[in-house]
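Since the structure comes first, as structure tokens, the remarks are kept for the end.
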Amino acid sequence: MFIFAAMANEANNFAEIISHCKEYGYIFQSSELYDGLAAVYDYGQMGAQLKKNLRDSWWKSMTQMHENIVGIDAAIFMHPTVWKASGHVDSFSDPMIDNKDSNKRYRVDHLIESYAEELKVKSDEILEINNIKKSNKEINDDEYGLEANKASVFYNKGAQILEEMDTLIAATDYAALKKLIEENKIKCSISKTCNWTDIREFNLMFNTKIGALADEADTIYLRPETAQGIFVNFLNVQKSGRMKIPFGIAQTGKAFRNEIVARQFIFRMREFEQMEMQFFVRPGSQKEWYNYWKDERKKWHESIGIPAEKLRFHDHIKLAHYADMALDIEFEFPFGWKELEGIHSRTDYDLTQHATFSKKKIQYFDNDLNEEGKPYGNYTPYVVETSVGLDRLFLTVMSLAYHDEKWTREDGTPDGRVVLKIPAKLAPIKLAILPLLKKDGLPEIAKQIMNECKGSFMCFYEEKDAIGKRYRRMDAIGTAFCVTIDHQTKEDNTVTIRYRDDMRQERIALSEVKNLVEKLIG
RNA sequence: GCGGAAGUAGCUCAUUUGGUAGAGCGCGACCUUGCCAAGGUCGAGGUGGCCGGUUCGAGCCCGGUCUUCCGCUCCA
């Protein structure tokens, strides 16, 4: 027996988590044999299972648990026009400019917008000062008029610059855009100079060629989001599934974005997996459903063991081109609060765009009766989207699970363990089956338990090394439970079950093992 | 993409100013032990991230390159 004299020092060091993931088969860098490929990662034998458990848990909560949500699996390749319709071809390629002195890079529109904002602030300041002077009778009406004119010059200048910018961006006239920046002497906030590079465009979509001929019509994109696969299948699913609004279509799958800088381990990768659901609603009811899913999704995260105080909502101030409301569910990662899931009210933007570009009617006939007792009739549904990054969710679970525990033994010597306290229902391996000795018939009993259980949940059999060492290894990979078979088992058919999180042990009937574990992971 | 730091065994690191690499842990086999990282014996594993240069000789000096981490930037 031993006691916990101290159970502290649980520093959640991000670097330690990354290295633990590699050491215990959760995540490897892609193509490590060839020095790796930046911002691309592979899931190992443990990671793939955890990721699958997370995906399955989401899938079940969305489809099985909601009668009005169905799941699909759309292809990564889509018709090129899909991305014209969605707006990604235009808005996913941002013009950028670098300041040569500070090496700071700006999105051109952000740079110009902030300059216009400065002009507006300057204008407001002049007005404010002179309003005070006027009310104190320090200046007369004529003098005030002159100052007010000055203010409006600044104000109009700002508005004019923004207008010009919009025209030039729409025309992709980058030479003229640069000229606009230089003529207005827009400076870098770091270097305070106007020494700019040429404007360059960064397209965030990967493209490739389909078919043998390499002309422009054959260029296709790797999808930058999975959502469009749902929108273009809206009518197929609605009609073949006889779905009635409100209803949802769920999907998990890979998406690809050519991020300029991808960092923070698996937080921002060039290839990543989304789990998303598009919920189609009657126009006008989007606010109600947006709020419904906002709460529902946060509850789901809590249901898989994420503490409420580590989650928060963050409303978007600047909305994407398709949204009328948007927020992030953020998690407090080891490197700060970051987006885990996005909830977007996408209006009828996507369906309308696809109707326009495909020249096909995408509408729904609503037979429900309105207040006047008449059917709501034909309309383009509004959409509320919930979209989680599966890799981010994985990182969330790992960063919560990782614990470096240290304590002092009864004899005063230090002891400790690294343990992944992954919720039992998500843990890659549920049960380790460990014969205390690899003789005296104990392995035979253990293998019998193994055969009984492995059809129901993931098990792991191990007879090498001292029992303590095997427990530590199971802790490190996050195995939820261990059962140990000893000599007493042969006498009374009981085994020791050991709980990972608190290392507690209890004696239970051998015949109860499977039922107990199934109950605990349910 | 810019700036900073780093890269030696699976992991953590050592190798005094250049003289062809070691330890601990881990891993494999066997013996012993048996409820929280036990002991013993034997063993596998490194062209020092990669490429090039200087030198009689490079893990060490120089250049390039790749990757990772931190800061900036980016994240419809």
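Sequence lines set the chain letters: A, B, ... in the order given, protein chains first and strands last, and positions in each chain run from 1. Not measured: the values here are computed from a predicted model.
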**OP:** Scan Lys464(A) against the nucleic acid and name what it touches under 4.0 Å (heavy atoms): base, sugar-phosphate only, or nothing.
**Re:** sugar-phosphate
Subject >> Near-strand residues of residues 341-349 of chain A, defined as heavy-atom separation under 4.0 angstrom from RNA chain B >> reply: none
Original post:
Parallel, tilted or perpendicular for His316(A) and His344(A), by the 30°/60° rule?
Top reply: perpendicular
Original post:
Which part of the nucleic acid, if any, lies within reach of Glu32(A) when heavy atoms closer than 4.0 Å are counted: base, sugar-phosphate only, or nothing?
Top reply: nothing
**OP:** Report the distance from atom CD1 of Ile266(A) to atom P of U68(B), rounded to the nearest whole Å.
**Re:** 14 Å
Original post:
Hey, does the side chain of Lys22(A) come within less than 4.0 Å of G10(B)'s phosphate (OP1/OP2), counting only N and O?
Top reply: no
Original post:
With sugar-phosphate meaning primed atoms plus P, OP1 and OP2, does Asp475(A) contact a base, only sugar-phosphate, or nothing at under 4.0 Å between heavy atoms?
Top reply: nothing
Subject >> Watson-Crick or G-U pairs under 3.5 Å in RNA chain B, rendered as dot-bracket with [ ] for crossing pairs and | for another strand >> reply: (((((((..((((.....[..)))).(((((.......))))).....(((((..]....))))))))))))....
**OP:** Let me know the distance between CG of Leu434(A) and P of A37(B), rounded to the nearest Å.
**Re:** 14 Å
**OP:** Would you kindly say whether Thr226(A) and Glu276(A) are connected by a side-chain donor-acceptor distance under 3.5 Å?
**Re:** yes
**OP:** Have a look at Arg498(A) and say if it touches a base, only the backbone sugar-phosphate, or nothing, with a 4.0 Å heavy-atom cut-off.
**Re:** base
Subject >> Sugar-phosphate only, base, or nothing, as touched by Tyr41(A) at under 4.0 Å among non-hydrogen atoms >> reply: sugar-phosphate
